[in-house]
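What you are looking at is a predicted structure, and each value in this text was computed from that prediction instead of being measured. We name chains A, B, ... by the order of the sequence lines, and we start the count at 1 in each one.
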Amino acid sequence: MNYWLMKSEPSEVSVDDVLASPGQQVDWFGVRNYQARNFMLRDMQVGDGVLFYHSSCAQPGIVGVAVVSHLALPDETQFDPASHYYDPKATREKPRWFCVGVRVLRKTECLSLQALRQHPDLSSMPLLARGNRLSITPVSAGQWKVIQGLLQESSN
DNA sequence: GCCAACGTTGGC
DNA sequence: GCCAACGTTGGC
């Protein structure tokens, strides 16, 4: 069982959007970075824990707890010429991009990037590394535990 | 809107 | 395979 942090721009897909979706589930379309793709394709398993993170917004931070709900499948947007995520080099026979399913279990108070940076036990999170841009990063069991504690505190 | 950091592309 | 140019991410 592994843990992950997944970034989404709330203007595109917010945690509320996912909660309003059938099954509170979303296919994690639009990833166009090989490292993030490979996490989905090779490493993510159904049931893995996911921290749902809002990026490129007024208050970036963790806003929900989720799980991986299905293994990686071809990302349909790569085949759609009308999509922002269209990839002319991808074919149905040889898809390039994949997406796992993510089911939101609960929305939380926003645990801000600033708060995460202030916590000494989280300083080694890839999310917090200088210059990090990866939209999917691994979270250690220890980090997961610390963050669950922080999310619990802020909900009281 | 700025810009640091990083990824990708393509000429050579 | 190098690397300059360019594009993107994402916090501020």
Calculate the interatomic distance between [X] atom [atom1] and [N] atom [atom2]; express it in whole Å.
X        : N      : atom1 : atom2 : value
A:Gln59  : C:dG11 : CD    : C1'   : 13 Å
A:Asn132 : C:dC12 : CG    : P     : 13 Å
A:Gln114 : C:dG10 : CD    : P     : 19 Å

With sequence neighbours left out, the residues meeting ring-ring contact (aromatic ring centres under 6.0 Å, His included) with A:Tyr34 are A:Trp97

The complete set of side-chain hydrogen bond (donor to acceptor under 3.5 Å, both in side chains) pairs with one or both residues in residues 47-63 of chain A, sequence neighbours excluded, reads A:Trp4-A:Asp48

Please table the atom pairs, donor to acceptor, closer than 3.5 Å between any side-chain atom in residues 62-75 of chain A and protein atoms at least two apart or in another chain.
residue, atom, partner, partner atom, Å
A:Ser69, OG, A:Gln25, OE1, 3.0
A:Ser69, OG, A:Gly101, O, 3.4
A:Ser69, OG, A:Val102, N, 3.4
A:His70, ND1, A:Gly101, N, 3.4
A:His70, NE2, A:Asp27, OD1, 2.6
A:His70, NE2, A:Gly101, N, 3.4
A:Asp75, OD1, A:Thr77, N, 2.9
A:Asp75, OD1, A:Thr77, OG1, 2.6
A:Asp75, OD2, A:Gly30, N, 2.7
A:Asp75, OD2, A:Arg32, NH1, 3.1
A:Asp75, OD2, A:Thr77, OG1, 3.4

Between A:Asn33 and A:Lys89, whichever has its closest DNA chain B nucleotide further toward 5' is A:Asn33

By nearest-heavy-atom nucleotide on DNA chain B, the more 5' of A:Gly131 and A:Arg96 is A:Gly131

Sequence neighbours excluded, the answer for salt bridge (Lys or Arg N to Asp or Glu O under 4.0 Å) partners of A:Asp87 is A:Arg96

Note to self: Could you tell me if A:Arg92 sits above the aromatic ring of A:Phe79, with its cationic atom closer than 6.0 Å to the ring centre and no more than 45 degrees from the axis?
What the structure shows: yes

With sugar-phosphate taken as primed atoms, P, OP1 and OP2 and all else as base, the protein-contact string of nucleotides 1-9 of chain C at under 4.0 Å (heavy atoms; B, S, -) is ------BBB

In short, salt bridge (charged side-chain N to carboxylate O under 4.0 Å, His left out) pairs touching residues 109-123 of chain A with sequence neighbours left out are none

